[in-house]
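Here the structure comes first, spelled out in structure tokens, and everything after it is commentary.
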Amino acid sequence: NIIDAECSCPYYQEHGEFCKHIAGAIFYLKENLNKIQKIDENSLKQPVKTPIEEYLNNLSKDELISIILDYSKKDKEFFNYLEILTNSQNFEKLKDKVKKIIEDLDKYYKDAPFESQTFINAIKNLDEIFSQVEKLNQKEKLKDLLEIYYQGLRKLIRKYFINYSYDKEEINAVFNIYFKYLIKLDDLELFSKNLKEVYTKLYYMISNEKYVANLLLNHVNYKNAEKIIDILENVFSNFNFEDYIILLVEKYFPERKISYYYKYKDRPSVLNKLLSYLEERGDYNEIIRVLEDTFNKGYITENPHFLRKYLDILEKLENKEKLKQTLINLYLKTLGISYLTELFKKFNEEWKEIKEFLNIKITGNNLEILHRLNLAILEKDINTIENIVINLNVDDTNKIMFVGDFIIQSFEFDPDKALYVYLNFAEKILRKNSSFRSSEAVAFQLEKLIRLGFKSYADKIKEELLKIFPKRKRLREVLDF
């Protein structure tokens, strides 16, 4: 009969249930019980001593005290450990020490200029006190000491931190040491209560929220996951910890993950997970609904990945009218040539009507020019580009330099005509504006032309421009590439 069993593996430690190691041991015992010799229970009560234990066991009390005191003089940490052990017998002394550290911090923030060593010593001493009490597994005493420290922190917040500006790293250190040991008490209710008080009632937003959130994540297990998710959702509501929450839900409550995907779908990373799940199920109509909902709320309207996903699903569902209208709206909003190209390829039969509609809708001098240039590149119409350059208003050269980029693109379908058009454009720009910036912009566009594989044309343009402007030293300098 199995009376009891324990294991040191993580699964048993978290769940307290029989694990595969215990099961394996039981099966082994079942098969081999007759072969196992009966263990003398008295022998278990007499563990074998190590040589060091044997040596220390033979020393007198005075000799042991001498060794301990001698080593404490050589090792500061060991000395502090002994002091904590001693003070733990007289808990009032430890309380007084923590109160004294609070007084030192108060003095530190009151007196300017600050003596930084005072602050460093205060934090170090606190860490040593809390650490040693925790190592002695005296949770109630640690809780009392942390409460004394927290009450001191509340006074510091009201007295100094709210009204004056201090180094953020220092302030973080003051709070971090408190939350670092508070989490070790396994009292998440107190952790949540005091964290919420710091953020709300005391109106002090510490900038170490990631540190505190990571403390929680490192402390999570099956028993407290629900509470830690609650803290991340409610106490940290002003911070972006949705990804942390999703990871916890996926690990500890996988049956709830879809509802959380919907809850936090405004986060691109979470939306990706939701869309992948819906795509695996083949629920394309729901993908459309989800994306339209997020678009309408303005969360991801500028994200090309989700826009592309939306367009691809519309095409998959053969919803041509919605696809056409979406591409038109996107083009009207961005004047991005990729959307115009897609309209041209997918709705070629309706292209004339679409183009007329766009021509009516797009108004404003530079917007009209950009739209006409997009159409010219799409339809490989160098004559339209030439007409735009001839009639171009060059009062503000900086605003029309983009025209040159389109001329550079036109080299791919009519390089000889494009050479003439670009020379006309560059001459107009450089006559109106002799600044180094204009010369540099022209040089940059010619570099693009070379990268496209039209070096001979770029060299010809440079040659002609230097003939037109022989005295422009700056132009000669930037074209020398």
Side-chain angles (χ1 to χ4, degrees), residues 6-10 12-14 16 47 49-53 55-57 59 61 63-105 119-153 172-195 208 211-224 227-228 231:
E6 291 184 8
C7 185
S8 59
C9 75
Y12 181 85
Q13 296 301 313
E14 287 191 1
K49 292 179 180 176
T50 65
I52 293 175
E53 286 174 321
Y55 170 73
L56 293 175
N57 199 46
L59 293 176
K61 181 179 178 182
E63 287 173 321
L64 280 171
I65 291 172
S66 176
I67 289 172
I68 292 169
L69 290 176
D70 184 52
Y71 186 68
S72 70
K73 292 173 185 175
K74 298 174 183 176
D75 191 299
K76 176 70 174 169
E77 281 194 23
F78 185 66
F79 176 82
N80 290 335
Y81 178 67
L82 287 178
E83 193 176 40
I84 296 293
L85 278 174
T86 307
N87 289 335
S88 66
Q89 303 304 313
N90 184 357
F91 190 54
E92 293 306 312
K93 282 187 179 180
L94 282 180
K95 288 183 177 179
D96 291 341
K97 274 197 164 191
V98 173
K99 289 174 184 175
K100 176 66 170 61
I101 291 170
I102 291 290
E103 288 174 12
D104 290 343
L105 286 171
F119 177 82
I120 293 168
N121 289 338
I123 297 300
K124 186 180 177 184
N125 291 337
L126 271 174
D127 200 14
E128 287 174 353
I129 292 170
F130 295 154
S131 173
Q132 296 301 340
V133 174
E134 188 234 334
K135 284 176 184 175
L136 293 170
N137 202 28
Q138 297 181 340
K139 285 192 173 183
E140 284 305 313
K141 289 184 178 179
L142 179 59
K143 186 174 183 178
D144 289 344
L145 293 176
L146 286 170
E147 181 59 24
I148 292 168
Y149 179 56
Y150 181 65
Q151 293 308 320
L153 271 183
N172 285 347
V174 168
F175 282 98
N176 287 353
I177 197 165
Y178 173 68
F179 288 111
K180 172 184 170 182
Y181 287 101
L182 184 61
I183 195 78
K184 294 176 186 289
L185 295 175
D186 292 318
D187 189 344
L188 288 174
E189 289 296 335
L190 180 63
F191 190 98
S192 175
K193 173 180 165 290
N194 289 355
L195 184 64
N208 65 340
Y211 174 87
V212 179
N214 280 320
L215 283 177
L216 288 166
L217 291 175
N218 292 332
H219 192 67
V220 70
N221 56 48
Y222 281 97
K223 293 176 183 176
N224 63 22
K227 182 62 183 175
I228 286 178
I231 293 172

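Considering only heavy atoms from C-beta on, Leu182 stays 4.5 Å or farther from Leu195 through its side chain. A heavy-atom distance below 4.5 Å is found between the side chains of Asp186 and Lys139. Considering only heavy atoms from C-beta on, Lys143 comes within 4.5 Å of Leu190 through its side chain. Side-chain contact between Ile129 and Ile101 is present, with heavy atoms from C-beta onward closer than 4.5 Å. Side-chain contact check for Lys97 versus Asn125: every heavy-atom pair is 4.5 Å or farther apart.
Ring pair Tyr178/Tyr149 is tilted by interplanar angle, where 30° to 60° counts as tilted.
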Residues Asp96, Lys100; criterion salt bridge (Lys or Arg N to Asp or Glu O under 4.0 Å); working and verdict: CA-CA 6 Å; Asp96 291 341; Lys100 176 66 170 61; over 6 Å; no
Side chain to side chain contact (heavy atoms under 4.5 Å, CB included) evaluation trace for Tyr211 with Asn172: CA-CA 9 Å; Tyr211 174 87; Asn172 285 347; over 6 Å; no
Salt bridge (Lys or Arg N to Asp or Glu O under 4.0 Å) evaluation trace for Glu92 with Lys95: CA-CA 5 Å; Glu92 293 306 312; Lys95 288 183 177 179; 3.6 Å; yes
Ile123 and Val174: CA distance, side-chain angles, deciding distance, side chain to side chain contact (heavy atoms under 4.5 Å, CB included) verdict: CA-CA 7 Å; Ile123 297 300; Val174 168; 4.3 Å; yes
Side chain to side chain donor-acceptor pair (under 3.5 Å) assessment of Glu128 paired with Gln132: CA-CA 6 Å; Glu128 287 174 353; Gln132 296 301 340; over 6 Å; no
Verdict with reasoning, Leu59 to Ile67, per side chain to side chain contact (heavy atoms under 4.5 Å, CB included): CA-CA 10 Å; Leu59 293 176; Ile67 289 172; 3.6 Å; yes
His219 vs Asn224, side chain to side chain contact (heavy atoms under 4.5 Å, CB included): CA-CA, chis, key distance, verdict: CA-CA 9 Å; His219 192 67; Asn224 63 22; 3.7 Å; yes
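Considering OG of Ser131 and CG of Leu126, their distance stands at 12.0 Å, rounded to 0.5 Å. Here the straight-line distance linking atom CG of Leu215 with atom CD1 of Ile183 works out to 6.0 Å at 0.5 Å rounding. A distance of 10.5 Å separates CG of Leu56 from CD of Glu63, quoted to the nearest 0.5 Å. Residue Phe175 holds its CZ atom at 5.5 Å from CG of Leu153, rounded to the nearest 0.5 Å. How far NZ of Lys223 is from CD1 of Ile228: 13.5 Å, rounded to the nearest 0.5 Å. Atom CG of Leu216 and atom NZ of Lys227 lie 10.5 Å apart (nearest 0.5 Å).
Residue Asn194 comes nearest to Tyr150 through the heavy atom pair O-OH, 3.4 Å, listed as atom of the first residue, atom of the second, then distance.
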